[in-house]
Amino acid sequence: MKNIDSRGAMTRIIHAGQHVDEQTGAVATPIYQTSTFAFKDADHGAACFRGEPGYKYTRLGNPTTEALEQNIAQLEGGCGGLGAASGMAAVNMVYLTFLGQGTHMVGTESLYGPSRMVIENEYPRFGVEASFVDSSDAQNVADAMRENTKLVYVETPANPTLKLTDLAACAEIAHDGGAILAVDNTFASPYLQNPLELGADVVLHSMTKFINGHTDVVAGMVVAKDPAMLARLRKVHVNFGGTMDPHQAWLVLRGVKSLGLRMDRAQENAMKLATWLEKHPKVSWIRYPGLESHPQYELGRKQMRGPGAVFSFGVKGGLEAGKTVINNVEVPTLAVSLGGIETLIEHPASMTHAGIPAEEKLAAGITDDLVRIAVGCETYEDLQGDIERVLDLI
Ligand SMILES: *Cc1c(COP(=O)(O)O)cnc(C)c1O
């Protein structure tokens with residue numbers, strides 16, 4: 001399609017990076033399930049290895065994976081993307097590219113659990129230091145910057161506190177300090193937020209979540225704003241080897257086409273459910289960027305096109321009451337992960353964020369009474385009715 005950039009969001013989601021197959025006319029991108037590609041002759045092989053267009057070996061590039069990379073890169077407004085075996089392979093691609101001996105990173109304190117734990121547990125061996133701060137106040141990021149800070153790494157909305165970080169402000173702070181800004185955009189998806197347009201240099205996704213949306217594949221993606229940065233990332237990525245499999249890419253291509261439809265529906269359900277829960281007598285607090293009670297409601301309206309479909313709430317009676325909720329629901333499933341077509345509910349303090357020391361967990365706002373719900377696309381009345389029933393059990 002010509003002029004894809006000028007089309008509407010739904011059109012771009014469905015068509016960006018997609019081409020009818022020249023040989024067969026196949027409308028869906030075929031799965032090029034091959035590890036290697038034949039060269040026409042020695043000169044052709046040499047040309048491909050010099051960097052001229054042409055496929056060589058699937059870890060270095062594959063047409064199915066490329067169709068997905070181009071799709072997400074266009075949705076994020078980047079110059080290109082790199083498919084990864086998982087969201088964590090994408091996170092580590094960014095860390096490994098921009099951090100090294102004697103460097104320092106500033107990160108959001110309530111990052112996705114493993115994104116923080118891997119920095120604290122593994123990277124010190126390589127001489128990497130990190131400070132984790134409440135980035136919902138950009139001043140905390142500025143205060144944590146050091147001479148050797150090379151990477152500012154934020155997640156917004158953050159998991160599971162749903163705090164927001166001002167991306168334009170953090171981009172300025174990072175660049176003033178000679179660092180780059182990388183953003184984990186998993187919670188919002190490219191449909192609702194585009195960090196590169198707000199000044200970030202790199203954006204990454206766990207496509208396991210909203211982008212794929214069907215709870216049937218684990219996958220990641222990194223998108224860079226400029227070609228030099230993309231080339232640096234690519235070099236690290238193909239040699240560390242956490243690359244994407246073509247079949248995995250094909251599944252995500254299938255999933256992403258309905259991203260807009262799914263997100264609209266899930267967000268509508270989340271908004272209704274959060275509005276209803278906020279007034280429920282058994283609910284002590286709720287944090288959802290779509291509610292005016294969210295401390296950064298205005299920032300959300302400024303940098304996001306919608307509040308998303310994940311929120312956290314506390315039930316009166318703490319951990320025990322929270323357990324009553326998650327043990328008795330019938331419509332939501334008790335499972336970690338988010339962004340699927342079905343509603344999932346979990347308890348971060350004992351599950352996804354259990355590996356973070358108790359004091360730091362509390363400081364990051366991950367309290368024992370916090371229940372996280374990732375709202376899906378079910379019939380709204382079933383969701384509300386089910387949660388109403390379990391709240392009555394408390
Ligand atoms: C799930 C998740 C990841 C990690 O992704 P995987 O696909 O599980 O490796 C990273 N960041 C966020 C915000 C996530 O939700």
Side-chain angles (χ1 to χ4, degrees), residues 65 68 72 76 81-96 105 107-120 122 132 135-136 151 153-165 167 182-193 195 200 202-223 237 240-245 248-249 251-252 255-256 259 263 266 289 304 308-312 335-340 343-348 351-356 364-366 370 372-376:
T65 309
L68 178 61
I72 306 297
E76 285 289 12
L82 294 162
S86 66
M88 285 314 298
V91 172
N92 280 289
M93 187 199 316
V94 172
Y95 290 167
L96 288 164
M105 158 179 145
T108 302
E109 63 184 353
S110 60
L111 284 182
Y112 179 70
S115 301
R116 176 167 174 168
M117 286 182 271
V118 74
I119 283 285
E120 291 185 327
E122 308 301 336
F132 291 98
S135 60
S136 69
L151 179 64
Y153 182 91
V154 305
E155 205 178 298
T156 180
N159 178 22
T161 58
L162 277 301
K163 285 186 184 180
L164 306 183
T165 292
L167 291 175
V183 180
D184 182 334
N185 199 28
T186 299
F187 266 50
S189 91
Y191 184 54
L192 298 181
Q193 178 172 267
V202 170
V203 58
L204 66 97
H205 286 279
S206 167
M207 299 194 296
T208 311
K209 316 295 166 55
F210 287 102
I211 289 180
N212 179 62
H214 290 75
T215 327
D216 53 9
V217 62
V218 169
M221 181 68 72
V222 174
V223 174
H237 185 45
F240 273 89
T243 52
M244 180 167 235
D245 179 83
Q248 190 186 15
L251 280 168
V252 180
V256 71
L259 171 64
M263 188 58 104
M304 302 175 75
V310 183
F311 65 83
S312 293
V336 300
S337 198
L338 56 111
T343 299
L344 300 180
I345 197 162
E346 72 125 346
H347 180 242
M351 296 172 187
T352 43
H353 292 69
I356 299 171
I366 306 163
L370 188 155
R372 186 188 81 186
I373 184 160
V375 182

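When a ligand or atom number is given, it counts from 1 through the structure's own listing order.
Between the side chains of T156 and T165, no donor-acceptor pair is found at a separation under 3.5 Å.
We find the OG-CG distance between S136 and L162 to be 12.0 Å, quoted to the nearest 0.5 Å.
Considering only residues two or more places apart in sequence or on other chains, A249 meets the side-chain contact (heavy atoms from CB on, under 4.5 Å) condition with T64, T65, L68, M244. Partners of Y153 by ring-ring contact (aromatic ring centres under 6.0 Å, His included), not counting sequence neighbours, listed by chain and number: Y95.
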For residues 216-223, tabulate all N or O donor-acceptor pairs below 3.5 Å that involve a side-chain atom, not counting sequence neighbours.
from: D216; atom 1: OD1; to: N212; atom 2: ND2; distance (Å): 2.8

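For A84 against A90, the heavy-atom pair with the smallest separation is CB-N, 3.7 Å.
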Which pairs of nitrogen or oxygen atoms, taken one from ligand 1 and one from the protein, are under 3.5 angstrom apart?
from: ligand 1; atom 1: 5 (O); to: S206; atom 2: OG; distance (Å): 3.0
from: ligand 1; atom 1: 7 (O); to: G87; atom 2: N; distance (Å): 2.9
from: ligand 1; atom 1: 7 (O); to: S206; atom 2: OG; distance (Å): 2.9
from: ligand 1; atom 1: 7 (O); to: T208; atom 2: OG1; distance (Å): 2.6
from: ligand 1; atom 1: 9 (O); to: G87; atom 2: N; distance (Å): 3.0
from: ligand 1; atom 1: 9 (O); to: M88; atom 2: N; distance (Å): 2.8
from: ligand 1; atom 1: 11 (N); to: D184; atom 2: OD2; distance (Å): 2.7
from: ligand 1; atom 1: 15 (O); to: K209; atom 2: NZ; distance (Å): 2.7

